Amino acid sequence: MVDIKPQEVDEVIDWLSNISVEGPGVTRLLYSAQWIEAQNSLKEKFEELGMKVEFDAVGNLFATIEGTEEPEKIVATGSHIDTVVEGGRFDGQLGVMGGYLAVKNLIETKGKPKKSLQVISMAEEEGSRFPYAFWGSKNIFGLAKREEVEEIADTEGIRFVDAMREAGFDFLEDGPKHNELEAFIELHIEQGNFLEAENKAVGVVNGIAGQKRYDVVLKGEANHAGTTLMEYRKDTVEAMSRMIVNGIDKAKAEGDPLVLTFGRVDPIPNTVNVVPGEVSFSIDCRHTDQAALNDFTEELENDMKQIASDMGIEIDINQWMDEAPTPMNDKIIHTIEEVCKEKELDYKVMHSGAGHDAQIFATYVPTGMIFVPSIKGISHNPEEHTETPDLVQGIEALKSSLEKLAY
Ligand code: HGY
Ligand code: MN
Ligand code: MN
């Protein structure tokens, strides 16, 4: 068996990373010009391997090589093609291109599989352009509801439905077509630093943390920064700051693996000499235990309402994501562990603090994930990096896992 070539890994990651908005890191947002170019370029790349390639209605890309004995049984891999703003070169991309290289290598060295092999380039996972995440994988399983996106828009006011239709896609009308899968394995960077800290080559994921995301809007009173005495203000940034400090202090007191992030803050009018009359901000809260996540966020919401009431400020809390913690499939975990042992890859069975498409698949399909180390645990950042030999080992582990399941 010929191994995955390091320079081929670098080439395909560079190739896809270059399909991005100009600027630091990689920015390729759902239904943007860069997203359209990436999906169409991937279609060509997979067709060059002789794979059957098709889009579903919303823009998920499915590349399939039919099995010789049980073609109706599909062993799939893949990840999301969208990125955060100024993200790294590996989040999502590694799963798509690693799947491409693993299947390419298997076809070249083993010929056609007995069961069908499929690589999926999922339309969207991050929720970074529109306030909706997992649009790709949720449509694969018929979970995405039209009414959830019909009224939403991006920060430039471009409506989700308009962006989707201008990209040539539309709602999934006659139900999902691509969810009769035998297995799904997602290769992904860890985005944390456990593997690096323990000097492990591969992470075998046994579960994915649950997460809740919110948009919060506070309405107070815009006023003159010079003439309005402190006691007469309804300063929404002051209120938000009290909510944030309260939340972060309680998250630190709660301890690992609970995490809480206020990643987006938009004061209005965002002007140096105006007391901010309005502010909107985001909340992202995660835990591997559902009850702990529910208890923490319930207290956080109550605290925010109390702070707003004490300051005479209006508050609107819109929770737009509520994903449960999700276990991976024992058989798939075992298959990946077996591969790591056979290849003498030093591995760690671990949970994922990041959300992934695999958590949507896992309810319907025997699903697993393979992690490769992230240097200093940095991700969602242009500095996101994994050394090529580590990428090769992750793709090798994926390739051999797919081989065990499909050949
Ligand atoms: O935010 C996440 O957990 C993932 O990177 N979308
Ligand atoms: Mn991400
Ligand atoms: Mn990701």
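Atoms within each ligand, like the ligands themselves, are counted from 1 in listed order. Predicted model only: the values in this text are computed from it and were never measured. Below, each value reflects all heavy atoms present in this structure, side chains not excepted, and no hydrogens, waters or symmetry copies.
In this structure, S79 and E186 approach most closely via the heavy-atom pair OG-OE2, 2.6 Å.
In this structure, E124 falls outside the shell of residues with a heavy atom less than 4.0 angstrom from ligand 1.
At a threshold of 2.8 Å, the Mn ion (ligand 2) has no backbone or side-chain N, O or S atom of E125 nearer than that distance. Within the 2.8 Å limit, H380 places at least one N, O or S atom next to the Mn ion (ligand 2). Taking 2.8 Å as the threshold, H188 counts as a candidate ligand of the Mn ion (ligand 3), since one of its N, O or S atoms lies below it.
Using modelled atom types, one finds a donor on one side chain and an acceptor on the other under 3.5 Å when comparing D357 with S137. A donor and an acceptor atom, one from each side chain of D303 and N246, are located under 3.5 Å apart. Residues H188 and D91 bring a donor and an acceptor atom of their side chains to less than 3.5 Å of each other.
Minimum-distance N/O/S atom of D91 relative to the Mn ion (ligand 3): OD1. Taking the Mn ion (ligand 2) as reference, the nearest N/O/S atom within E126 carries the name OE2.
Figure legend: K212 and W320 shown without cation-pi pairing, the cationic atom not lying both under 6.0 angstrom from the six-membered ring centre and within 45 degrees of its axis.
At least one N or O atom of G355 sits closer than 3.5 Å to an N or O atom of ligand 1. Any N or O atom pair closer than 3.5 Å counts here, and E126 shares at least one such pair with ligand 1.
Between K138 and E323 there is a salt bridge, since a side-chain N of the basic residue sits under 4.0 Å from a carboxylate O of the acidic one.
The protein heavy atom nearest to atom 5 (O) of ligand 1 is H380 NE2, 3.0 Å.
Numbered from 1 in the order shown, with element, the atoms of ligand 1 that lie under 4.0 Å from a heavy atom of A354 read 3 (O). Shown in contact with R213 at under 4.0 Å from a heavy atom are these atoms of ligand 1, numbered in order with element: 1 (O), 2 (C).
Classified by interplanar angle (parallel below 30°, tilted 30° to 60°, perpendicular above 60°), the ring pair Y31/F160 is perpendicular.
Of the listed options Q191, Q359, R286, H356, R286 places a heavy atom closest to atom 2 (C) of ligand 1.
At least one donor-acceptor pair under 3.5 Å links the side chain of Q93 to the backbone N or O of R89.
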